[in-house]
Amino acid sequence: MAAALTPQQLSETHRPTLDQALDTIGTRAYWSPHPEHPKAYGEGGAPGSLGAAEGKAAFDAVLNTRLDLGQPGTDGWTGGETSPYGPELGVEYPHADLDVLLPAMKAGTAAWRAAGPETRALVCLEILARISARTHELAHAVMHTSGQAFMMAFQAGGPHAQDRGLEAVAYAYQEQVRTPETADWSKPQGKRDPLKLTKSFTTTGRGIALVIGCNTFPTWNGYPGLFASLATGNPVLVKPHPRAVLPLALTVQIAREVLTEAGFDPNLVALAAERPGEGIAKTLAVRPEVRIIDYTGSTAFGDWLEANARQAQVYTEKAGVNTIVIDSTDDYRGMLANLAFSLSLYSGQMCTTPQNLLIPRDGITTDDGDKSYDEVVTDIAAAVTGLLGDDARAAALLGALVNPDVKARVEAAGELGEVALASRTVANAEFPDAVVRTPVVVKLDGTKTDEDAAYLSECFGPVSFAVAVESTPAALELLRRTIREKGAMTVGAYTTSAEVEQAIEEVCLDESAQLSLNLTGGVYVNQTAAFSDFHGSGGNPAANAALCDAAFVANRFRVVEVRRQA
């Protein structure tokens, strides 16, 4: 058995990291304690971490096994994940009797509450450190459940997800320590003796927190809620997407090991894997023990949670229609390259991928001369084609389609309008069974603004619409309507006009949408950096929370006061 983790060991190891995270969320500068490059792990890299070969071997070793987490209330086993790249994973997970598991999860809350905000934060950082050491292993788990290409699974599913988890811990700690633990209170009474009390203030969690995982980004979307709730004193039940269980199951396994070594009840973190077709998310969501819910996924189920899980504080990230306004540019080639990459990354299966490209019908001005609407669309299509012309490069950028529904949307997109760029099948030499498709770009008429307009609904996957609008002001009106009615995780714009830039900014401020202007280099509208960028705003229909701000953590705990006569 591993040596116990003492508070002193935790502080010596992780307090500097916590302090740096607290500083960085104040400065919004670049910082990450989790290396992005695969060679930073293993021999010569981070101490105790698995290198590339070791991580792959660890992933292979868990395939076709039963992952026993030692949870109470296990009444059977379930599994059935198939990689979007073809192979069946063959891993079985414990299926829980909720009437046994949920009470067991609550049993350790008193000791976890008594530990206080700092110890809870440091335990969370130890969990994140051990997750980081197994980044290579988890990258394969993310790749073979989400369909992300390996490098994206490594970075987004590894260090970027870990950064978001650490960010949530930092915000949680900061909010909890705003109130002092004790206070001496004295109220003057004139000639009489003052009234004196001693007061104590204890942060206490709301109850069991439920994390409902998603298929496309199981760790990146799962870690913020998991660590925000755990750091604020709540037990956390992780309910993964049935097609993406393994990354979160390994995470739960690591968390339970650390909690045990630190002297806490491992049942503070548990897994709720479901049998095929069971749909336990709805059952769990309305259990009285569940007081916090974090969810990423469809608008329909997010709306259901918000309407029906009335006993819980619900944080949702749902669907939106992300828009790019193209007014003018002083770097036409840079704009085209940036858009091509943004449309192609992970086959457009990101909540931040641009869908609607709003282009004035009369064209735009550029450093390469005036360009008509048709020329801009043709050049965007050519940029995508050039980027993805080589199958090996395309496969490394596109990954694989996560499910048959995405494939069906790609194939049906041509029925919506004139196809400016047809999707093609890409062969993946390493995984011949992977379903890989390049993006499709469809021309649409922006004067059609009724509810049947295809661009007014999210078309998740590698499908984008080049929408012809009468003018830039018309584009801004359509942008405003889209954000207000459908939501947006991201908005982008290209313009050389200070007046247009201000007008776009005003729309995004009014409608609470995150805006990226004139990106032509190596930063893309569908990427956000932890500690600096806010993911979502919580102010439009795409999401009711932002990753990460004080509002994301502050309602996960309460402060309970005890007053004593001095």
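Keep in mind that this is a model prediction, so the values were computed, not measured.
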Pairs meeting criterion salt bridge (charged side-chain N to carboxylate O under 4.0 Å, His left out) with involvement of residues 223-252, two or more places apart: K239-E274
Just how far is it from atom CZ of F460 to atom CG of D405, taken to the nearest 0.5 Å? 10.5 Å
For W304, which residues count as a ring pair (Phe, Tyr, Trp, His ring centres under 6.0 Å) partner, sequence neighbours excluded? F301
Can you pull out every salt bridge (charged side-chain N to carboxylate O under 4.0 Å, His left out) where at least one residue sits in residues 538-560? Sequence neighbours excluded, please. D294-R556
Holding to side-chain hydrogen bond (donor to acceptor under 3.5 Å, both in side chains), I want the full list of residues that pass it with T219, two or more places apart in sequence or in another chain. none
Passing option when E511 is tested against K486, R484, R481 for salt bridge (Lys or Arg N to Asp or Glu O under 4.0 Å): R484
Report yes if some heavy atom in the side chain of L343 is under 4.5 Å from a heavy atom in the side chain of P462; otherwise report no. no
State the CD-CD distance between Q148 and Q155, to the nearest 0.5 angstrom. 10.5 Å
Considering all heavy atoms of both residues, which atom of L271 and which atom of L101 are nearest to each other, and what is their separation? O-CD2, 4.1 Å
To the nearest 0.5 Å, how far apart are CE in M105 and CG in L237? 4.5 Å
Candidate pair Q162 and T135, rule side-chain hydrogen bond (donor to acceptor under 3.5 Å, both in side chains), full reasoning: CA-CA 10 Å; Q162 295 151 24; T135 293; 3.1 Å; yes
Is any side-chain heavy atom of V553 less than 4.5 Å from a side-chain heavy atom of Y173? no
Sequence neighbours left out, what pairs pass side-chain hydrogen bond (donor to acceptor under 3.5 Å, both in side chains) with at least one residue falling in residues 96-114? D99-R287
Applying side-chain hydrogen bond (donor to acceptor under 3.5 Å, both in side chains), run through S512 and N540 and close with a yes or a no. CA-CA 6 Å; S512 296; N540 69 66; over 6 Å; no
I'd like to know whether the aromatic ring centres of Y171 and F552 sit less than 6.0 Å apart in this structure. no
Between H140 and F150, ring centroids under 6.0 Å: yes
If the condition is side-chain hydrogen bond (donor to acceptor under 3.5 Å, both in side chains), which residues does E175 pass it with, not counting sequence neighbours? R178
side-chain hydrogen bond (donor to acceptor under 3.5 Å, both in side chains) involving R409 - partner list, sequence neighbours excluded: none
Salt bridge (charged side-chain N to carboxylate O under 4.0 Å, His left out) contacts in which one or both residues fall within residues 524-547, not counting sequence neighbours: none
side-chain hydrogen bond (donor to acceptor under 3.5 Å, both in side chains) involving S464 - partner list, sequence neighbours excluded: none
Is it the case that R120 places NZ or CZ above or below the six-membered ring of F227, under 6.0 angstrom from the centre and within 45 degrees of the axis? no
Rounded to the nearest 0.5 Å, what's the gap from CE on M151 to CG on L397? Could you check? 12.5 Å
Could you work out, with side-chain contact (heavy atoms from CB on, under 4.5 Å) as the rule, every residue matching T316, not counting sequence neighbours? Y295, E306, V314, K318, N544
Minimum-distance pair of heavy atoms, taken over all atoms of A513 and S537: N-OG, 4.4 Å
Go through it in stages, so that I can follow the logic: the residues are L226 and V238, the test is side-chain contact (heavy atoms from CB on, under 4.5 Å), and I'd like the CA-CA distance, side-chain angles, deciding distance and then a yes or no. CA-CA 8 Å; L226 191 165; V238 179; 3.9 Å; yes
With under 30° as parallel and over 60° as perpendicular, where do the rings of H144 and F431 fit, or are they tilted in between? perpendicular
Tell me, do V384 and T438 make a side-chain contact under 4.5 Å, heavy atoms counted? no
Qualifying salt bridge (charged side-chain N to carboxylate O under 4.0 Å, His left out) pairs, either residue in residues 70-82, two or more places apart: D75-R275
Identify, with sequence neighbours excluded, every residue that meets side-chain contact (heavy atoms from CB on, under 4.5 Å) alongside A543. E317, M489
If you round to the nearest 0.5 Å, how far is NE2 of H160 from CH2 of W220? 10.0 Å
Distance col, row Y223:OH vs R164:CZ, nearest 0.5 angstrom, shows 15.0 Å
